[in-house]
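Each remark here refers to the structure printed beneath this line.
What you see below is based on every heavy atom in this structure, not just the backbone, and it leaves out hydrogens, waters and symmetry mates. Positions are given from 1 along the sequence.
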Amino acid sequence: TPTSLGPISATTSVSANEADPNMANNSTAANSTVHPPYIVATSPITDVDGDIVTVTLKGHGTMEIRVLGGDAHHGPIDQIVLTGTDAKSALTIQVKKVRGGVGDGLVSIGSIISDGDLKSISGKAVDLTGAGIQLGGSVGSVTLHSMVRSALTAAGTIKSVNVGTFDASNISAAKLG
C-alpha cells in the first residue's frame with residue numbers, strides 16, 4: 001500500500017494449482033514501476049490557451065498543483081491538492097489573459113482537494129470541469145466562474161457559494177449556510 005505520492009513499485013507473483021513437470025510453467029513474477037500521469041507544477045502556469053494562471057495558498061497548509069502533460073509551468077491543471085489547511089487558509093486562483101494572445105481569460109481545473117478547513121476558495125475565472133471540490137472540513141466561501149457536472153462536497157459547513165454557471169444538485173455538506 002502506497003504511503004506517499006510519487007512512483008509506485010509493485011511485484012506480483014502467480015503460482016499454478018497443479019505442478020507442471022516443466023518447472024518454468026509453475027510460477028511467474030513481474031516487477032514494474034508506475035509513474036503518476038501528472039507533473040507537479042509551480043505557479044505561475046501557462047494554461048492550454050496561453051493564459052497565465054497564478055495559484056496561491058495563504059495561511060496554514062501546503063499546496064501541490066498537478067498538471068497533465070506539459071512541464072512544471074505549462075499544461076492543463078488536473079488537480080490542486082491542499083494538506084494541513086485550517087479555517088484561516090485561503091486558496092486564490094487568478095488568471096491573466098496575455099495581451100495579443102488567444103487565451104479566453106479562464107482556466108479549467110479538474111478538482112480541488114483539501115484534507116481540512118478553508119476560509120475561502122476564490123477563482124472568478126475558474127471553470128471546474130472534473131470531480132469538483134472535496135473538503136475534509138468546512139469552507140467559508142467558494143467563488144468560481146462555473147461548476148457544471150462537478151461536485152462540491154465538504155465534511156463540515158459550506159457558508160456561501162458564488163458560482164456563475166452551476167449545477168446545484170451536486171452540493172453535499174454537514175451544514176449549508
Side-chain angles (χ1 to χ4, degrees), residues 2 4-8 34-86 88-137 139-154 158-172:
S4 63
L5 297 175
I8 299 170
V34 179
H35 294 276
Y38 58 82
I39 295 168
V40 177
T42 54
S43 184
I45 298 163
T46 303
D47 75 359
V48 293
D49 66 3
D51 295 320
I52 305 298
V53 182
T54 304
V55 184
T56 56
L57 176 64
K58 290 186 179 177
H60 294 108
T62 60
M63 174 176 64
E64 185 173 279
I65 306 166
R66 298 175 179 175
V67 176
L68 297 175
D71 59 39
H73 294 287
H74 299 87
I77 300 174
D78 181 47
Q79 293 181 324
I80 298 173
V81 179
L82 309 172
T83 55
T85 58
D86 62 24
K88 294 181 180 180
S89 304
L91 177 68
T92 303
I93 305 154
Q94 296 176 310
V95 181
K96 182 178 179 185
K97 186 174 177 179
V98 176
R99 180 179 274 188
V102 296
D104 57 6
L106 300 170
V107 62
S108 294
I109 297 175
S111 62
I112 299 170
I113 303 165
S114 179
D115 63 357
D117 296 329
L118 283 170
K119 177 181 178 180
S120 63
I121 298 173
S122 178
K124 294 178 191 176
V126 172
D127 292 330
L128 210 54
T129 59
I133 299 172
Q134 290 91 38
L135 303 175
V139 62
S141 66
V142 176
T143 303
L144 301 170
H145 179 260
S146 73
M147 190 174 144
V148 179
R149 293 183 300 278
S150 294
L152 171 53
T153 306
I158 300 172
K159 291 185 181 173
S160 76
V161 177
N162 181 7
V163 179
T165 304
F166 186 59
D167 177 355
S169 66
N170 293 326
I171 298 178
S172 173

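With sequence neighbours left out, the side chain to side chain contact (heavy atoms under 4.5 Å, CB included) criterion links Val98 to Ile52.
Of the possible polar contacts, one joining the Asp49 side chain to the Asp104 backbone as a donor-acceptor pair under 3.5 Å is found. In this structure a side-chain-to-backbone donor-acceptor pair under 3.5 Å is missing from Thr54 to Pro44. Side chain of Asp86 to main chain of Asp117: no donor-acceptor pair is present (N/O by atom type, distance under 3.5 Å, no hydrogens or angles).
Taking every heavy atom of both residues into account, Lys88 and Lys119 meet most closely at C-CB, 4.1 Å. For Lys124 against His145, the heavy-atom pair with the smallest separation is O-CB, 3.1 Å. Scanning both residues, Ser43 and Val55, for their nearest heavy atoms gives OG-N, 2.8 Å. Pairing each heavy atom of Ser150 with each of Thr129, the nearest pair is OG-C, 3.7 Å. Nearest heavy-atom pair across Ser111 and Ala131 is CB-CB, 4.2 Å. The shortest heavy-atom contact between Val67 and Ala41 is CG2-CB, 3.2 Å.
Under 3.5 Å, the side chains of Thr46 and His73 contain no donor-acceptor pair of N or O atoms. Between the side chains of Ser146 and Asp127, at least one donor N or O sits under 3.5 Å from an acceptor N or O. Residues Ser114 and Thr85 have side chains that bring a donor and an acceptor to within less than 3.5 angstrom of each other.
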Side chain to side chain contact (heavy atoms under 4.5 Å, CB included) evaluation trace for Ile93 with Val53: CA-CA 7 Å; Ile93 305 154; Val53 182; 3.9 Å; yes
Worked check of side chain to side chain donor-acceptor pair (under 3.5 Å) between Thr83 and Thr62: CA-CA 5 Å; Thr83 55; Thr62 60; 2.6 Å; yes
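For the atom pair Ile77 CD1 and Arg66 CZ, the distance stands at 13.0 Å (nearest 0.5 Å). Atom CD1 of Ile113 sits about 11.0 Å away from atom OG1 of Thr153, to the nearest 0.5 Å. Summarising the geometry, atom CD1 belonging to Ile121 is positioned 10.5 Å from atom CG belonging to Leu57; distances are rounded to the nearest 0.5 Å. Rounding to the nearest 0.5 Å gives a distance of 11.5 Å between CE of Met63 and OG of Ser89.
Contact check for Leu144 versus Ile133: side-chain heavy atoms found under the 4.5 Å cut-off. For the pair Ser108 and Asp47, the minimum side-chain heavy-atom distance is 4.5 Å or more. Ser120 has its side chain out of reach of Thr143: every pair of non-hydrogen atoms, C-beta onward, lies at least 4.5 Å apart.
Screening residues 92-102 for side-chain hydrogen bond (donor to acceptor under 3.5 Å, both in side chains), with sequence neighbours left out, gives no hits.
With Leu91 as the partner, the side chain to side chain contact (heavy atoms under 4.5 Å, CB included) test is satisfied by one option alone out of Leu82, Val142, Val139: Leu82.
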